[in-house]
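Everything on this sheet refers to the single structure shown next.
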Protein chains: 2
Amino acid sequence: MPSATVENYIKKILVLSLDTREGQVGMGEIAKGLEVAAGTATSMIKNLERSKLVRYKSRQGVTLTAKGRKLGMDMLRRHRLVETFLVETLGLDWTEIHQEAEELEHAISEKVLDRLDKFLGRPEYDPHGDPIPTKDGKFAERRIRNLLECQSKQPRTIKLLTDQSTDFLNFARRKGLVPGTSVEVTNRDLISDAVELRVGNKKPFTLGSKAAKKILVSS
Amino acid sequence: MPSATVENYIKKILVLSLDTREGQVGMGEIAKGLEVAAGTATSMIKNLERSKLVRYKSRQGVTLTAKGRKLGMDMLRRHRLVETFLVETLGLDWTEIHQEAEELEHAISEKVLDRLDKFLGRPEYDPHGDPIPTKDGKFAERRIRNLLECQSKQPRTIKLLTDQSTDFLNFARRKGLVPGTSVEVTNRDLISDAVELRVGNKKPFTLGSKAAKKILVSS
DNA sequence: GATTTCATTTTGATTAGTCAAAGTCTCTTC
DNA sequence: GAAGAGACTTTGACTAATCAAAATGAAATC
C-alpha cells in the first residue's frame with residue numbers, strides 16, 4: 001500500500017503533467033506544489049522511482065510510469081468523488097471542500113468508494129466541473145477550452161475553474177462564474193490583455209488574461 | 001492536532017477503561033489491543049502524559065485526564081457516526097464496516113462530521129447497537145446487561161454485541177442475534193456454564209457463557 | 001527470606017518523511 | 001569562454017512511531 005504521502009506526490013505529478021505536452025514535470029514545481037523543501041522532493045522522487053511509479057532523469061524532470069499514472073488517476077477519482085459527495089449529499093459549499101477531500105481521499109477503501117460512486121449516481125463531473133476518472137482510469141470526454149481561446153459572440157457553458165484557491169473561487173462566485181452557467185465573450189483584445197464577457201443578462205465586465213485562462217468552457 | 005496514532009491510543013484506553021471500575025488500564029492491555037510491542041506502548045504513553053491526555057503511574061496503569069476523555073469520546077463519536085453512515089447510506093454490511101471506519105474517523109473534519117450527523121438524522125445508536133456520544137461527549141442513557149446476567153422468562157431486545165470480530169458477528173447473524181431482535185432466555189444453568197435462549201419463534205438453542213457475556217440486551 | 005515468574009520499562013536500532021544549508025550543474029549573459 | 005544566477009542534489013540532523021532484546025521490579029511460591 002502506498003502511504004498518503006506517496007499518493008499526494010503522485011497526484012501532484014499527474015495534475016502538473018496534464019498541463020505539459022511532454023508529461024515531464026520539474027522538481028521545483030513538485031516541491032512548490034506540495035509545499036516541501038526542494039531537497040525533500042528530490043529524495044522522495046527517488047523513492048517513487050524505486051517503487052517504479054515514476055521515471056526520473058536527474059536535473060531534467062519526472063514522468064509517471066503506467067503504474068504511477070494509474071495510481072494518480074485513482075487518487076483523482078477518489079478526490080473528485082469525495083468532493084461531489086460533500087457538496088451533493090452533505091450540502092457543503094463548493095469553495096471549501098478541497099481541503100476536506102484532501103484528507104478523506106486517503107482513508108477511503110476501494111469498496112466504500114464504489115458504493116459512494118453508485119450512491120451518487122456515477123457522476124461524470126465534480127462540483128468544480130472537473131471530470132471524474134472512471135474506475136479504469138479514463139476521463140470522461142471533454143471538449144473545453146479556456147475563455148482566452150474563445151472567439152466572441154457565441155454562448156458557452158462554464159465547465160471548470162482550474163484555480164481552486166478559495167480566493168479565486170470566491171471571486172468567481174461573486175461574478176456568477178460557476179460551472180453550469182452560460183456566458184458569452186462579448187469582446188476580446190489580446191493586445192490590452194483583456195476579455196470582456198457577459199454572464200446571463202448582467203452588465204458585461206472585463207477579465208485579465210490570467211483569470212480568463214483559468215476558466216474553462218464548452219462551446 | 002493529535003496524530004492518528006495518538007487518537008487510536010486514546011480511543012483504546014477509553015474503551016478499555018469503560019470496562020473497569022477504576023478506569024485504570026494496564027500497559028499490557030493497551031499493547032495487545034493495539035497490536036504493538038509492550039515497549040512501544042510504554043513510550044507512547046509517556047508522550048500522552050506529556051500532552052496531558054493521560055495520567056500514568058509506572059508499573060500501575062494509565063487513566064485518562066478530562067482532556068483525554070474528551071478526545072476519546074470524540075473519536076468514539078466519529079467512529080460510530082461513520083459506521084452508521086456506511087450501513088445506513090451506503091448499504092454496507094454491518095459485519096465488515098469496523099475497519100473502514102477505523103481509517104475514516106481520523107480523516108473527517110469537525111464540520112463534515114456535523115453535517116454527516118445531521119444528514120443521518122442525529123442517530124443515537126450505531127449499527128452494532130453502541131450508543132453514539134453527543135457532541136459534548138455524553139452517551140445516550142443505556143440500561144443494558146449481558147445475557148448471562150439475565151433472569152429467564154422475560155422478553156429482551158438485543159442492543160449490542162461487544163465482540164466485533166467478523167467471526168463472532170457472522171456467528172451471531174446466523175443465529176439471528178442482531179441488534180433490535182427480541183430474544184428470551186428460556187433456561188440458565190450456571191454450573192454447566194450455559195444459557196438457553198429462543199430467538200423469535202425458532203427452536204431454542206444453547207450458548208456458552210463466554211458468548212452470552214458478549215451479547216448485551218435491554219429489558 | 002530467597003527464588004521464580006511475568007509484566008513492564010529501558011535501550012539501541014530502524015524507517016518514513018521532513019528541513020536547512022552546503023555543494024553541484026547548466027544555461028545565460030556578457 | 002568565464003562568471004553568475006538559478007535550479008537541483010547532497011548531506012547531516014531531526015521527529016514520530018515502531019521493534020527486539022536486555023534490564024528491572026513486584027508479586028507469588030517455596
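Letters A, B, ... mirror the listed sequences (proteins, then strands); counts begin at 1. Everything numeric in this text was worked out from a predicted model, so none of it was measured.
Judged purely by distance below 3.5 Å, without hydrogens or angles, the side chains of A:D167 and A:S165 never pair a donor atom with an acceptor atom.
A heavy-atom distance below 4.5 Å is not found between the side chains of A:L113 and A:K135. Counting heavy atoms from C-beta on, the side chains of A:L207 and A:K175 never come closer than 4.5 Å. You'll find the side chain of A:K12 reaches within 4.5 Å of the side chain of A:L16, heavy atoms only.
Contacts of residues 67-75 of chain A with DNA chain C (heavy atom under 4.0 Å): none. Remark: nothing in residues 102-110 of chain A comes within less than 4.0 Å of DNA chain C through any heavy atom.
Not counting sequence neighbours, A:S17 has no partner by the side chain to side chain donor-acceptor pair (under 3.5 Å) test. Take A:P2 and apply the side chain to side chain contact (heavy atoms under 4.5 Å, CB included) test, not counting sequence neighbours, and it matches A:V6, A:E7, A:L71. Residues passing the side chain to side chain contact (heavy atoms under 4.5 Å, CB included) test with A:T166 are A:N170, sequence neighbours excluded. Listed by chain and residue number, A:F85 satisfy the ring pair (Phe, Tyr, Trp, His ring centres under 6.0 Å) test with B:F85 (two or more places apart in sequence, or in another chain). Checked against side chain to side chain contact (heavy atoms under 4.5 Å, CB included), B:A172 has the following partners two or more places apart in sequence or in another chain: B:L161, B:L177.
Rotation axes derived from the C1' atoms of the five outermost pairs at either end of the helix from C:dG1-D:dC30 to C:dC30-D:dG1 lie 20° apart, to the nearest 10°.
The separation between B:I45 atom CD1 and D:dT18 atom C1' is 15 Å, rounded to whole Å. Distance, A:R50 CZ to C:dG17 P: 11 Å, rounded to whole Å. Here C:dT8 presents its P atom at 11 Å from CD of B:Q24, a figure rounded to the nearest Å.
Applying the ring pair (Phe, Tyr, Trp, His ring centres under 6.0 Å) rule to pairs touching residues 52-84 of chain A yields A:H79-A:H98, sequence neighbours excluded. Counting only residues at least two apart or in different chains, salt bridge (charged side-chain N to carboxylate O under 4.0 Å, His left out) contacts with residues 31-59 of chain B are absent. Identified under the salt bridge (charged side-chain N to carboxylate O under 4.0 Å, His left out) test for residues 90-113 of chain B, with sequence neighbours left out: A:E96-B:K111, A:K111-B:E96, B:K11-B:E102, B:K11-B:E105, B:R78-B:E110, B:D93-B:R173.
A:T89 places no side-chain N or O within donor-acceptor distance of the main-chain N or O of A:L86, the cut-off being under 3.5 Å.
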Can you give one letter per nucleotide of nucleotides 6-16 of chain D, 5' to 3': B if a protein heavy atom sits under 4.0 Å from the base, S if only from the sugar-phosphate, - if neither? -BBBB------
